[in-house]
Each structure stands twice: as structure tokens, then as C-alpha cells.
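Let me begin by presenting the structure, written as C-alpha cells, before commenting on it.
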Amino acid sequence: MEKIIELISDEMKNAFEQAGYERELGKVTLSNRPDLCEYQCNGAMAGAKQYKKAPIMIANDVAAKLSDSSIFAKAEAVAPGFLNLTLKNEFVGAYVKKMRAEEKYGLEETTKPAKIVIDYGGPNVAKPLHVGHLRSAIIGESVKRIARYMGHNVIGDIHLGDWGQPMGLIMNELKIRKPDLVYFDDNYTGEYPAEPPFTISELEDIYPFASKRSKEDEAYKADAMACTYKLQSGVKGYRALWNHIIAVSVTDLKRNYERLNVAFDLWNGESAVHDLIPGMVDDMKKGGYAYVSEGALVVDVKEEADTKEIPPCMILKSDGAALYNTTDLATIMMRMETEKPDRIIYVVDKRQELYFDQVFRCARKTKLVKDDTELKFLGFGTMNGKDGKPFKTREGGVMRLESLIAEINEEMFRKIKESRDTSDDEAAATAQVVGLAALKYGDLSNQAVKDYIFDIDRFTSSEGDTGPYILYTIVRIKSILAKYRESGKDVQAVFSDIKAPVNDSEKQLMMQLARYNASIEAACEEYAPHKICAYIYDLANAFNHFYHETKILTEEDASRKAGWIALLALTRDVLETSIDLLGFSAPDRM
RNA sequence: GUCCUCGUAGCUCAGCUGGAUAGAGCACACGCCUCCUAAGCGUGGGGUCGGAAGUUCAAAUCUUCUCGGGGACGCCA
């Protein structure tokens, strides 16, 4: 359905037109002086010059046309030329009642559905997830859900790091630790075992060990590189072993991402495009795009309009080896063939902006993508500790994601036990749900591009702009609805009983609900989950204010009570749908 | 050196397609549970929006310069 701001603007534009002024001057915005009015229009001042008239005269002319408006209870012209607007209660009530009847509470899906691939997550196999992987997962997941909700066809691709030097390091070290494995026997011709010859914890132990040693030991490093080569050139045993590494690692990654309520549609890795690289490189040479510079194969990506130096995009290193640019470009090529996306969004650290700019330009220049394929870089800032520096453990190391989550859950558990008498089991289960909300809301409520400070005390607090506060509000509503049901009434029966508001806090709540479709749409267009956070925070505030002023269950007027129950149910639905778009959920009790 | 980005209350952040007294939260000081979860609600103090100039009837918002933090700048990603 049409956004409430548009209905209001249309009414105002009509008035401008009727009064003999340009229609577009009637644009209405949310009031920045809530003490004076609910919405405002500044068009009279913008039009003063054009019509050579004092703004207040224009405003008066327009206000006169609105005296019998079905939308405005009050439309007054105020010096120097503001039009201050107050909505009719009936109008607000009717709008919200209509929202209730719609599947997506008044949100209209996009009229131009696009096929979108979102590249996020980006973990490496055989390495545990750490806090550096957190933002990509959280933001990417939310952006994916929002776009999908808006009606786009969205594919989430994890883009696994599963192919380069790390694989050789692991295999080489494995060869040293378990030399008798059949995978290393070049003369072995039988079937390889189905069971992997290692566990995930062994794997996670091997990589850092091998990585460290390779930096100190040249011969060791050479052996590892030989292993990488054997893998990449398709030696059977190495391929089989590699499959085990991937399988064990992916199982573990899936478990960890699941805990974060993050899910990918595609688990492709760099390995998936390995075979495409030679052909792609050939095409770039044949097309006259790629040439040798300083020993390396590069494609120029400078453009006329550039104000800065853009170095060429490197396709092959001077030793002939592929690098990340190569796999990223080949991945674009593969996606264009298989998914045929209209848009590819990369949710990665903002420091990679220049790098991706080069890759995008190169992809465009070499015709890997169509002219109208949109390549979007969605960069995010660093998660910092309280000292403003990149987040570290107390010992100064990189914190594992599991540890971070455990720490939050512990804190949540403590808070639950403090405030309520519940069993340890229930408290632990609730702590997980609320903890995830604390973590994700803490991240998403900031603009993605900015660095932010991770503060466990602040994020887990139920005071202020936090996940737990939002969840607490939902739980309160659920509790009232549950009690209503217990009294033998049916919430569903009063589903659409919403009426015009009878007091100010109810009206405020309704007007906030009415902004739902505009908020979600803006969040989608701008890839800005933080706008949803801001919206639901305002909504939760509006509800809690209403809650304190209104005794709902003890209301004697049955019709009025039914209207409130319907309003509460709508508020709950809007809040729960919104947090689902952010990637977390609410418990029934907390 | 070049380019990008950020600088708003003691702290953490909104607002930035220009509009009336710059908003939240935390912290601080008060007040509110015979009543639907007080993990809540309300009241109060606190800011020359880093600085300067310009455009405009109107600038936190646009332009230029400047200071400060962070970042990027061909064989890492």
C-alpha cells in the first residue's frame, strides 16, 4: 500500500496546485518539532522567490485549501512560512487497520525484482572463525534477508578460501605427522577411505603450526609449495585428501554459522573456478586487454575522469601464478554463467575498496559482465575494543568467534538469573537467543562503513538502544497476548479490530507503525540495516510509552480492548518481522 | 606524496537529497511497582555539530581551504 508520507504529500501537493502553485512544492517531511506538529511542509519558503511572494502568504493560501481535508486535523501556516500538520485520528487508525490486513504490513515488494548474488562470509577452510569474520556474516545476512523480503531473488554465496597455499601447508604437515596415509602413496590404486584421517580440532591445530614454521624454514616451505602444486595439478591422493579437508571444515563452519543464524545458498570456493582461469586469461590476452608489465600480466583500468592513480589490475604474478584478483574475476565469470545475476554485492572489509574497484573495472572492460550488471562494494569498518583499537583478547591475540559468543551468552545468563527465578536450562536457552540479539544489534545499529566499539556491557544491557531492549518489548507484548488468550479470548478473532486512537501515546504508536514500509524500503535501497534498528528502537519506545499509560487487560469497554489487542498483535508482528530481517529472533519469555 | 574516510554532549552513536530551539542512549541527579514482565517508564542538567571562508532568505547538512584520527596506494587479500 502507499506509504503514509506519500498520502500526506499528495494531499499537500493537491492543495498547492489548487492554490495556484507548483505541485512539487507540497513535499511533506516528518516534523522536526514534535511539540508543534506531526508532519511539516516547507514548500512555501522554497517557492517564495519563484512567486515573488512572502512565504507566509503562500502558506496561508495553501492552508486555506486544507480546511476540510480528510487527512489533516490541523494544517496551519506559521511564520516565516512553515505548514504545520497534525493528522486526523481516524486517518491514522484507518491506515494502521489496513496495514493489519496486509501480508507484509503495508510493504510493497519491488516492481523490478533483480537477481542478486551476495558475496559474504569469506572464511578459510581449516581455520576457525574469528571476530574478523563476524561483520561480513552479520551484515551480509541482514542485507540478504532485506533484499529477499523486498521481493528480489537473492543468492548468498560464502566464497570459501579453499585453494591456495594454506592447503599445501596443511597437507605437507599432515604428511610429516602421518606419513603412512595412503593419500601420499603415489603407487596406491585402490579406493580412498570414506572417513577423514583427522578431526576438525587436529586440522585447526595443524594450520597455524605449519604457517608459522613455513616462515622460518625454507625447505619446509618448499615442500608445502610442492604439495600445493600436486593438489592443483590434480594428483589423485591429494585431491582425495583435500576433499576430506573441505568436508570436515565445511561441516564445522556450517555448525558455527548456524549458531549465528547465518545461512548460505552456495558454498562455492576459490577451487570452483580454478579450471576456468586459463581460458579467462587467454581471452583477456586475445581481446587485447591484458599485457605484460614489469613481468606480470595486467589489465589497465584507469579512466579519464579519475582524480587519483588507479594501478592496473593484476591478472597473473610475474611467476605466472594466479592471485586473488584472478579468482575473483573468474568467480564473476562463473556467476554470470550460472546465476546470471543483475547485481553482485560484496560485503567485505572497507580497506579492500580500491582492490575491488580495480576488479570491477577489469570485469567491465573485459566484458565479463553485461553493461547493466551492477557490481556493488559494501565495505564495513573494523570492530574495535573499548580502547578504540582492533578487538583483541586480553592476551592480545585474535579472538575466536566461539569464545566471543560464549562470553556474551555467559553475561546474558547472569543477567537472566539475576532478574528472574528460572531453571538453569531455560535461562541458558534464553541467554543464547538474547545473546545473539545483543551481538547482532550491537553491530547492525551502527552504519556498516564505520568502525565501531564492541562493548559487551553496553550490548547486553536492556537499557537503551540495544537488542535485549527490543526483545524485552516483544516479550512484554507476547505476555499480554498470552494472558488475553488465557482469559478465553481469541486474538485472531479481533485481528482487524484496530480503531482510531483514543489517546496521544496510542496515536504515536500507530504513526510509528505506519512508517514500517518506508523504513524497510529505505534500508533495502541503501543497504542500511541500521535504519531498521533505528526504526524498531523508536517503535519499541512508542510501545513502551503506550504500555505505561494504558491498562489494556483491565479495560472494560470490550470493543476498545479488542482494538488494543489487535494493535499489540500488529506491533509484535512488525517487530518480529523486523528483527528477522536483522537475523535474530525473540524468546517467549525472558 | 596522492587519494579515500571519519571528526556532533564526559562516553557510544543517530541526523547529512539544506529549513523553526541539533536528537537518542549510557553515565550523573531525582521521581514512579496493592495494576498486563521495574530487563520498564518519567523529569532534570549537559553541545559555538574539529576550525575558517563561501553559496543561500535559511548550513551539522552543499563547495573550497585547514587541523586531527584511521585507511588505501602492481606481484597479500
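Numbered from 1 within each chain, the chains take letters A, B, ... in sequence-line order. Reckoned from all heavy atoms, side chains included, excluding hydrogens, waters and symmetry mates.
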Taking atom types as they are modelled, is there a donor-acceptor pair under 3.5 Å from the base of [N] to the side chain of [X]?
X	N	value
A:Asn84	B:A20	yes
A:Glu463	B:G25	no
A:Gln40	B:A20	yes
A:Ser479	B:C36	no

Aromatic stack A:Tyr537/B:A24: centroid gap under 5.5 Å, interplanar angle under 30°
no
Contact class for [X] (heavy atom, under 4.0 Å): base, sugar-phosphate, or nothing?
X	result
A:Pro312	base
A:Asn541	sugar-phosphate
A:Ile310	nothing
A:Asp357	nothing
A:Ala296	base
A:Ala46	base
A:Lys415	nothing
A:Glu294	base
A:Asn325	nothing
A:Ile552	base
A:Ser293	base
A:Ser419	base
A:Ile416	base

Can a donor-acceptor pair be found between the side chains of [X] and [Y] at a distance below 3.5 Å?
X	Y	value
A:Tyr469	A:Asn541	yes
A:Tyr346	A:Asp328	no
A:Asp497	A:Ser559	no
A:Tyr452	A:Asn384	no
A:Tyr39	A:Asn84	no
A:Ser505	A:Glu549	yes

Between [M] and [N], how far apart are the [atom1] atoms? Round to whole Å, please.
N	M	atom1	value
B:C6	B:G10	P	22 Å
B:G18	B:A24	P	23 Å
B:C67	B:A77	P	36 Å

Using 30° and 60° as the class boundaries, would you call the ring planes of A:Tyr535 and A:Tyr516 parallel, tilted or perpendicular?
tilted
Counting just side-chain N and O atoms, does [X] come under 4.0 Å of either OP1 or OP2 of [N]?
X	N	result
A:Lys450	B:U12	no
A:His159	B:A77	no
A:Arg476	B:A38	yes
A:Lys49	B:C57	yes
A:Tyr441	B:C13	no
A:Lys317	B:C76	yes
A:Tyr469	B:C41	yes
A:Asn544	B:G40	no
A:His545	B:G42	yes
A:Ser445	B:A14	no
A:Gln447	B:A14	yes

Position toward the 5' end of RNA chain B (nearest nucleotide), A:Thr550 or A:Gln352
A:Thr550
The residue, A:Arg420 or A:Val449, whose nearest nucleotide of RNA chain B is more 5′ is A:Val449
Identified salt bridge (charged side-chain N to carboxylate O under 4.0 Å, His left out) counterpart of A:Glu426 within the set A:Lys417, A:Arg420, A:Arg589:
A:Arg589
Syn versus anti for B:G25, judged by chi lying within 90° of 0?
anti
For B:C49, which nucleotide is its Watson-Crick or G-U wobble mate, given both distances must be under 3.5 Å?
none
[X] has a side chain; which of [options] sits nearest to it?
X	options	result
A:Arg351	B:A39, B:C36, B:A72	B:A72
A:Ser318	B:A77, B:C75, B:C36	B:C75
A:Tyr355	B:C36, B:A72, B:A77	B:A77

